[in-house]
Amino acid sequence: MISLTVNGKQKNLDTDKDMPLLWVLRDVLGLKGTKFGCGQGLCGSCTVHLDGKAVRSCQTPLASVEGRTVTTIEGLSTDGSHPCQVAWRGEKVPQCGYCQPGQIMNAAAFLAETPSPSEPQIEKAMAGNLCRCGTYGRIKKAIRVASGSVK
Amino acid sequence: MNLTTQKISRKKFLEGSAAITAAGLFLACLPEELLAAFTDPETLSQFNPNVYIGISSDNVIRLVIHRSEMGNGARTSMAMLLAEELEAPWEKIKIIQAVGDAKYNDQNTDGSTSVRKNWDSLRRAGAAARMMLEAAAAARWGVNEKTVFARNGEVHHRGSSKKLSYGALAIAASKLKTPKKLSLKSPQDYTIIGTPRDLVDVNAMVTGSARYGIDVEEPGMLHASLERSPRVDAEIVSFNGPEVERIPGVVAVVSLPAQSQDVNTSAAVAVVADSTWTAMKARKILKVRWSGGRSSESTDAKKTELQALVQKKGKISRNDGDIGAAMPEKRINAEYFTPYLVHAPMEPPNAFANVTEGKCHVIAPTQQPQRLRKAAAKFLGINKKHVTIEVSLLGGGFGRKSQPDFAMEAVALSQRIKKPVKITWTREDEVRHGTYHTQCMQRLDAGLNKKGNIETWRHRTAFPTLLTIFAPGAVSPAEFELAQGINTLPYRIPNIRTESYPVKSDVRIGWLRSVLHIPHSFAINCFLDEIAVSTKRDPVQMRLDLLGKPRILELSEAEKTGPYKQDTGRLARVIKRAAKAASWGKSLPKGKGLGFASHYSFFSYVAMAIEVAVNDENEVTVDRVHCAVDCGTVVNPDTVTAQIEGAVSFGLSLALFGEITLKDGVVQQSNFDDYVIARMKDAPEIIVDLVDNGDIPTGVGEPGTPPVAPALYNAIYAATGTRLRSLPLASTDFGGQW
């Protein structure tokens, strides 16, 4: 039995301990907002927060999250009001939208640590999050808006 | 009477245009096939004037979108067309995704068609509904129909303060006949078309509640991961099924035979389990012995074969003037190579299927639900009315999800195990079992006269045709493949000849965003740049000189699919606008360069100027991209701009990194570490200039891609003096801070 907190709720799971957190979230807990893109930690679509830090949930075995706190896109805010979500809407970031939960979770954890990032800092922090639709310019802008550095 | 956009005659279209000018009204009829009532999947709307609209007494306005949403903004732009003529309050509409059914007309979300091919039919559907609501109100009030008008979800009486909501009129309107003559709004009265609108799904997308195919969860559903034959058409000799079945959570391990063209599934062993992870994990200990397979292609050998072909005379498809009789003063030639590419949508292919007694239910991120429906009905030997294809959101498509293979695997597996099942492809599956963008070798030869003007232009192109996915053994290019760029060359050159070759290949070729326009635009735009340099001309001015006075060009037969024409004046205009925006001709510091390309595709005109910086280590940085785009009437400027930005990113990915190679018939790449796509730091500033000239809308999703690679290579030449002719950049002596 593995115990962890997901989006503020205690979960006790009798699941294969090797199962990556990604699939625990999606198939066991029904939280489908966290996406599968590569299974190798190469694309960032599966990014969630583990004790507040951005991690690739496809590379995080369930056994390693015992007693820890996980936040997914569903738990980032109850109503889509997190500054990143607001900025993502405002800058009209999504095209297909598939990678965006991972992008938003990565950006949210980054901004929590680096409230006023420089452009190279943004590019470095977001380098592991791929978007095939090519929304990078808008993501960059949304991060600047969310950081409060662009009025 | 049949007046679909697709089939409307040129004459009819011109008459329609004339009507706009004369009366401010476009009188038209609703196509017969759209008159069938919309069947509301939730509650029955009281007023169902046609397949696209349902209005209920509680004032809910349901708009049915029959094209797939894959980042193209179709669910928003198409709703805008309906809502505009319906006078529907935008914030109150509810979007319903259509299942695959021919009653909706063509649902193939491909070829940059969602807006342009539904421009007439959706506006007409909206107008018909609006006029019926107006007629119902007039009858209720006992007033002349001319004295009432619909505005924003209500019908008003001109002479009084009377008004009724659409919901209050729904039942009365449902008893009326569809008007024979429709009056469409005059463009100056548009309140929705041409205004920026947020995607209808944007909130769901940023909160994680948007549902893609991969997110499907149905009662009793199992999960499967498939090991497919590494070579096309290899067969299964044996596999260790019982060993894999002993893993806890594994339900079954079964083999599935290949499905032939045009479904194109490979023979596979399916590991079926109680979760996606269990299926994927168990698949790792699955061992399959394969035999045979028709492909033994290796990229280097194939490239040599294609290169040999373009040295010889090929089959002529366009032949203007007499290339043999011309006596040019100077000759110039060059060869260009573009490799196989894979789509790599962020959501890998996946599909849910439930085959039960004589019925089949599929939920899939498909671009082509009707093709899938037909394929499933044929495979199962049942009438297609018993096959339901639900279309989820697509996490990117780019042409890959036009193919029925991944969903047909789910259909075959569900039939076999008699259970509902979802198949999820891994990234490795997607990269190794693609329907690839074709590789292409081209040789261009030009003859120049004393003044440096181009007298002769010979364009040879050799590539495996995508017809192989439809017919085994197809070797000769389709006319539409040659129409993409080379047979539509718009320049005034007296002697033009295009030649192509039969090429045998067992690689599955498919559509990828802008298709053959990618290699053809690459070669044409790079070669024009080479000619400009060799004749000491400015490449932009040379393009304008070659276009000369505006002309309307005959389209090739393959392109005559609607009321379109190629207007060289519109191409010249975008060339001028992009050049001006980029301050073309400005002096740049050492190591910087500006490159230019322009291309006509999907009936739209795009010109692009790309600015690069190249350092002493030959590392290239793309600083800025200026795009000028003429796609006729812009329906949703937000979406059009985003699509061009996205197409530039897509074009940069293929120009910088994209390359699929084969060794002995097996694809060598597997994931984003060896099939690299652009990251944030590779993304330049992109400035998009939209020319909205009020003409009919033309393609948007694809036309931004073809000019990217040549503009980039021309910019690298401008910065360094080194001429590159082979994609991607990563395969050359140049690179980047990757």
Side-chain angles (χ1 to χ4, degrees), chain A residues 15-16 18-20 22-24 26-28 30-40 42-43 45 72-74 76-77 79-80 82 84-86 88-89 92-102 104 120 122-140, chain B residues 69-73 198-199 201-212 214-215 217 223 248-249 275-278 280-281 344-348 393-398 424 426-428 638 642-643 645-650 652-653 671-673 677-686:
Chain A
T15 305
D16 181 350
D18 294 340
M19 189 185 283
L22 166 68
W23 297 111
V24 174
R26 290 179 55 81
D27 285 354
V28 181
L31 295 167
K32 304 285 190 183
T34 304
K35 300 300 189 211
F36 168 64
C38 72
Q40 304 285 344
L42 298 167
C43 77
S45 294
T72 69
I73 187 72
E74 292 91 346
L76 185 65
S77 70
D79 53 359
H82 184 279
C84 283
Q85 291 169 314
V86 173
W88 249 250
R89 274 193 301 267
K92 304 166 190 288
V93 173
Q95 286 186 29
C96 86
Y98 189 81
C99 72
Q100 302 301 346
I104 289 171
I122 295 174
E123 288 181 0
K124 191 170 171 230
M126 299 303 291
N129 286 77
L130 299 179
C131 172
R132 187 59 155 155
C133 296
T135 63
Y136 296 121
R138 290 171 190 242
I139 291 173
K140 216 190 281 185
Chain B
E69 177 60 62
M70 52 187 183
N72 49 347
D198 285 353
L199 296 184
D201 299 301
V202 71
N203 205 46
M205 286 170 174
V206 301
T207 55
S209 62
R211 286 290 167 264
Y212 301 84
I214 204 166
D215 303 325
E217 197 72 60
H223 298 262
S275 78
T276 317
W277 167 247
T278 308
M280 286 179 179
K281 184 178 157 184
M346 293 313 296
E347 179 200 29
L393 290 177
L394 282 66
F398 312 113
T424 303
T426 63
R427 178 58 56 194
E428 289 80 4
D638 274 356
Q643 283 297 296
E645 291 171 3
V648 168
S649 179
F650 199 88
L652 278 178
S653 282
N671 208 316
F672 290 119
D673 51 349
I677 64 170
R679 288 172 191 274
M680 185 185 276
K681 63 186 161 49
D682 307 313
E685 182 188 359
I686 303 166

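As the structure is a computational prediction, the values presented were derived from the model and not from experiment. In what follows, chains are A, B, ... by sequence order, proteins preceding strands, each numbered from 1.
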Hey, which of [options] has the most heavy atom pairs under 4.5 Å with chain B?
{"options": "A/K35, A/R26, A/K32", "result": "A/K32"}
{"options": "A/R138, A/E74, A/M126, A/Q40", "result": "A/R138"}
{"options": "A/G128, A/G80, A/G30, A/C133", "result": "A/C133"}
{"options": "A/C43, A/G97, A/P101", "result": "A/G97"}
{"options": "A/D18, A/T34, A/V24", "result": "A/D18"}

Could you tell me if the side chain of [Y] sits less than 4.5 Å from the side chain of [X], heavy atoms only?
{"X": "B/S649", "Y": "A/Y136", "answer": "yes"}
{"X": "B/P684", "Y": "B/L652", "answer": "yes"}
{"X": "A/Q85", "Y": "A/L76", "answer": "yes"}
{"X": "A/V28", "Y": "A/M19", "answer": "yes"}
{"X": "A/Q100", "Y": "B/M205", "answer": "no"}

Chain A contacts, top residue of [options] (heavy-atom pairs, under 4.5 Å):
{"options": "B/D682, B/T207, B/L394, B/L393", "answer": "B/T207"}
{"options": "B/N203, B/V202, B/N671", "answer": "B/N671"}
{"options": "B/D198, B/D673, B/D201, B/I214", "answer": "B/I214"}
{"options": "B/M280, B/E685, B/E69", "answer": "B/M280"}
{"options": "B/Q643, B/E347, B/K681", "answer": "B/E347"}

Side chain / backbone / both / neither for [X] at chain B, heavy atoms under 4.5 Å:
{"X": "A/L31", "value": "neither"}
{"X": "A/K140", "value": "both"}
{"X": "A/T135", "value": "neither"}

* Ignoring hydrogens and angles, state whether a donor on the side chain of A/Q95 or B/E645 is under 3.5 Å from an acceptor on the partner side chain. =>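 Result is no, nothing qualifies.
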Between [X] (side chain only) and [Y] (backbone N and O only), is there a donor and an acceptor less than 3.5 Å apart?
{"X": "A/S45", "Y": "A/F36", "value": "no"}
{"X": "A/R132", "Y": "B/M346", "value": "no"}
{"X": "A/N129", "Y": "A/C99", "value": "no"}

* Of the backbone (N, CA, C, O) and the side chain (C-beta and beyond), which part of B/T276 lies under 4.5 Å from a heavy atom of chain A, both, or neither? ->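 Both backbone and side chain of B/T276 come within 4.5 Å of chain A.
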* Part of B/A642 lying under 4.5 Å from any heavy atom of chain A ->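 Looking at B/A642, backbone and side chain both touch chain A.
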* Using the ring of each side chain (for Trp, its six-membered ring), is A/Y98 parallel, tilted or perpendicular to B/Y212, with breaks at 30° and 60°? ->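 Perpendicular.
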